[in-house]
There are 4 protein chains.
Amino acid sequence: MIVYFRPMRYKDELKKEAIIEATVKLVNEIGFVSSSVSKIAKEANVSPATIYIYYKNKEDLLVSTYVEIKKNLSIALLKDFNPNLPIRDILQALWLNMFDYTSKRANHFKFAEQFSSSPFAGLVNKNEVEKSFEPVISILKKGIEQKIIKDVHLDILAAFIFFPIYTLSNSRLCESIKLEKETIETAFTLAWDAIKL
Amino acid sequence: MIVYFRPMRYKDELKKEAIIEATVKLVNEIGFVSSSVSKIAKEANVSPATIYIYYKNKEDLLVSTYVEIKKNLSIALLKDFNPNLPIRDILQALWLNMFDYTSKRANHFKFAEQFSSSPFAGLVNKNEVEKSFEPVISILKKGIEQKIIKDVHLDILAAFIFFPIYTLSNSRLCESIKLEKETIETAFTLAWDAIKL
Amino acid sequence: MIVYFRPMRYKDELKKEAIIEATVKLVNEIGFVSSSVSKIAKEANVSPATIYIYYKNKEDLLVSTYVEIKKNLSIALLKDFNPNLPIRDILQALWLNMFDYTSKRANHFKFAEQFSSSPFAGLVNKNEVEKSFEPVISILKKGIEQKIIKDVHLDILAAFIFFPIYTLSNSRLCESIKLEKETIETAFTLAWDAIKL
Amino acid sequence: MIVYFRPMRYKDELKKEAIIEATVKLVNEIGFVSSSVSKIAKEANVSPATIYIYYKNKEDLLVSTYVEIKKNLSIALLKDFNPNLPIRDILQALWLNMFDYTSKRANHFKFAEQFSSSPFAGLVNKNEVEKSFEPVISILKKGIEQKIIKDVHLDILAAFIFFPIYTLSNSRLCESIKLEKETIETAFTLAWDAIKL
DNA sequence: GATGAATGAGTGTTCATTCAT
DNA sequence: CATGAATGAACACTCATTCAT
């Protein structure tokens with residue numbers, strides 16, 4: 001059996017990856033506003049024109065990068081997901097996975113943050129993104145049915161069980177906290193107290 | 001006693017006000033990235049050059065606008081603040097004040113959101129801003145002392161007692177919720193459960 | 001009496017003039033297709049940005065330049081216009097004026113030619129341009145009434161009494177002819193024979 | 001004798017044809033200025049690189065397309081050419097053939113028009129193009145010898161017997177005329193009156 | 001204080017062309 | 001022969017900022 005070496009294909013994947021990484025890095029370093037296509041191109045070691053081979057325009061580049069990050073986040077979040085554990089344990093695992101992601105991929109997380117508070121956020125296909133988080137929603141619903149979790153709107157639950165993570169992970173807002181395991185577990189206690197019946 | 005009529009001063013204030021309102025409005029409508037000085041000038045009915053009389057540069061304009069908004073927010077937040085009430089009641093009042101502000105001045109709130117997730121956020125004098133929120137912090141500390149509130153880092157408390165408000169106020173994240181008084185009070189119950197001992 | 005020196009005003013007029021002349025010169029030298037805004041700016045010794053103070057965009061610049069040229073043409077054409085002379089004499093005078101213009105302002109003429117065979121041509125307000133040529137049309141109509149000129153559609157008359165001038169003035173199409181007065185008068189004889197009854 | 005089947009050759013011609021048709025169509029639709037190689041390639045359903053197999057560069061593509069059109073025009077023009085008819089009849093036949101072509105292949109005609117008023121026009125081998133029109137020139141010369149046509153420079157004759165056709169065929173200049181057979185014959189009368197002795 | 005004109009440097013995007021496959 | 005990927009240079013246009021008035 002002969003396996004042919006296909007440099008083009010290989011190169012392609014590398015280029016697209018490089019462009020996304022450059023986008024994330026730059027937005028992380030100099031911000032959304034100052035991150036121009038040509039700067040991104042330079043950072044990725046490609047020509048500005050090359051970016052337009054992979055993405056329709058700047059908007060497409062940013063939105064695609066965001067969606068990519070969100071997908072990775074959902075994968076990280078659901079690592080070792082076991083729906084048969086007690087609900088509290090499941091949620092705590094999710095919570096720890098999330099912090100793991102936000103600390104390891106801090107720049108991805110920061111990109112997503114800037115993106116989602118910009119008007120670009122309106123352009124993402126929400127359904128597609130939310131689909132990845134479906135298992136989590138199921139857990140919350142099950143908790144409500146089993147009278148373990150308060151019977152309130154899912155968005156309200158999310159505001160207490162997930163969004164505090166963003167705040168706590170955001171070094172700008174929370175400079176003083178060291179995110180050690182103990183601290184995170186303490187914080188989770190508050191989250192759980194908020195939503196549990 | 002003679003009181004001089006000072007029309008210029010008055011005019012100045014009007015212009016400064018107009019520039020800030022234009023900034024907020026534009027950032028709200030077309031986003032941080034697209035809001036240029038000349039567009040802001042046009043929206044405020046002044047010359048671009050005029051903006052540079054009141055602000056050192058664009059950065060100064062944006063930062064000043066943010067600080068202004070934060071001050072207004074703290075004023076709104078502390079309306080009818082009565083430190084002698086039970087802690088829960090104080091916090092619930094703050095919570096309701098906050099929603100009142102975020103719904104009445106939605107564009108100010110959105111501006112602050114975009115701003116604070118951008119690298120510009122690093123440029124604000126945090127002490128100055130936080131000073132306005134001092135009374136709130138005092139309340140939390142008192143609650144901890146009185147063993148009413150959990151003894152955890154203030155940033156963690158804030159993550160549960162304040163930041164969920166941002167999430168719930170953000171129409172992009174929470175399209176489905178109608179922010180009626182009842183809903184807000186329900187949500188506050190979760191916040192209180194999170195931090196109370 | 002004091003006359004104030006107003007450099008700004010003066011400069012303005014000069015700049016606009018310089019931009020138009022640069023546009024005409026460049027289109028004349030390197031053609032419509034290659035004449036970019038930045039090249040025009042360089043030729044006019046202004047910044048590209050300056051052009052956008054005087055014109056909304058490139059299209060506006062080109063169309064305005066064309067309209068300007070057409071107006072100048074109509075003025076040149078109608079020099080010493082005397083409606084009381086015999087119709088043939090009037091038309092011959094127009095004919096000679098036209099050649100005078102196309103030879104003295106050859107580059108303006110060439111610009112107009114390139115412009116009017118481009119899709120931009122569809123953008124000019126035809127009424128505005130044609131208004132300037134009203135006296136000529138009146139003469140033709142009068143000639144028809146007086147049974148001196150053939151009673152055919154005005155566009156057909158124009159095709160024989162005016163457009164041949166373009167051809168004969170175009171050095172690309174007619175390299176071999178020297179446009180001396182005698183030659184032009186000979187050519188006019190053909191034009192007159194075409195339209196006269 | 002063996003005849004090889006040469007499908008490639010056939011294919012080639014098809015591609016070349018497609019490229020030329022795409023060029024004409026695009027120039028016709030979006031104009032000379034906006035017609036880029038890659039747009040032409042897309043219109044012709046080939047890769048941009050393919051165009052460079054058939055043509056040296058963009059200039060070559062445009063010039064070749066023009067020459068091709070001119071050749072087709074001369075063929076159409078000389079259809080049923082019969083040098084033994086009376087000169088007037090020959091010229092009228094040419095005139096009608098021309099209108100037939102300009103109406104049936106309006107986009108080809110428009111392309112030629114844009115091309116010939118651009119500086120590209122200087123790049124065509126005039127001799128090669130004019131050779132095709134040799135029979136027409138012969139007729140004019142014969143007419144001069146026979147004292148049927150005025151003894152003036154051929155370019156002047158052309159300006160009256162041919163170029164008015166361009167004007168009348170140009171929908172931009174002559175929107176109001178319907179080019180019915182009767183109208184064309186009327187117009188020809190003027191052309192003939194212009195050049196006849 | 002207030003401005004419109006002015007601009008060099010930058011924006012996002014497309015260009016004509018090449019090259020490895 | 002045919003191509004999609006790639007690109008530096010250029011495109012039309014806007015930017016933040018300054019300056020003479």
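Convention: sequence-line order gives letters A, B, ...; per-chain numbering from 1.
- Between the side chains of B:His108 and B:Glu113, no donor-acceptor pair of N or O atoms lies under 3.5 Å.
- Note on D:Tyr54: a side-chain N or O is less than 4.0 Å away from OP1 or OP2 of F:dA2.
- Between C:Val46 and B:Ser47, the residue anchored closer to the 5' end of DNA chain E is B:Ser47, taking for each the nucleotide with the nearest heavy atom.
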Checklist entry - In dot-bracket form, how is DNA chain E paired, counting a Watson-Crick or G-U wobble pair only if both its distances are under 3.5 Å and using | for bases paired to another strand? => result .||||||||||||||||||||
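- Two residues are said to be in side-chain contact when any heavy atoms from C-beta on lie closer than 4.5 Å; D:Val27 and D:Phe115 fail this criterion.
- Rounding to the nearest 0.5 Å gives a distance of 9.5 Å between CD1 of B:Ile19 and CD1 of B:Ile40.
- Across the interface with DNA chain F, nearest-nucleotide mapping of D:Asn45 and C:Tyr52 shows D:Asn45 to be the residue nearer the 5′ end.
- Distance OG1/B:Thr23 to NZ/B:Lys58: 9.5 Å, rounded to 0.5 Å.
- Atom-to-atom, OH of C:Tyr55 to P of F:dT14 comes out at 17 Å; the value is rounded to the nearest Å.
- Take D:Glu128 and apply the salt bridge (charged side-chain N to carboxylate O under 4.0 Å, His left out) test, not counting sequence neighbours, and it matches D:Lys71.
- Checking E:dT17, E:dG8, F:dA6 against the side-chain heavy atoms of A:Ile53 singles out F:dA6 as nearest.
- The CD atom of D:Glu21 sits 14.0 Å away from the NZ atom of D:Lys16 when rounded to the nearest 0.5 Å.
- Side-chain rings of A:Phe120 and A:Phe32 approach one another, their centers coming within less than 6.0 Å.
- A heavy atom closer than 4.0 Å to some atom of DNA chain F occurs in no member of residues 18-41 of chain A.
- The shortest distance between the side-chain N/O atoms of B:Lys15 and the OP1/OP2 oxygens of E:dA2 is below 4.0 Å.
- Rounded to whole Å, the distance from NZ on B:Lys42 to P on E:dG4 is 11 Å.
- Protein atom CD1 of D:Ile51 is 18 Å distant from nucleotide atom P of E:dC19, rounded to whole Å.
- In this structure, NZ of A:Lys58 is placed 12 Å from C1' of E:dG10, rounded to the nearest angstrom.
- Across the protein-nucleic acid pair, D:Lys56 atom NZ and E:dA16 atom P stand 16 Å apart, rounded to whole Å.
- One finds the CG atom of B:Asn107 at 8.5 Å from the CD atom of B:Glu29 (value rounded to the nearest 0.5 Å).
- Across the protein-nucleic acid pair, C:Leu61 atom CG and F:dC11 atom C1' stand 15 Å apart, rounded to whole Å.
- Taken from CG in A:Asn28 to CZ in A:Arg105, the straight-line distance is 12.0 Å, to the nearest 0.5 Å.
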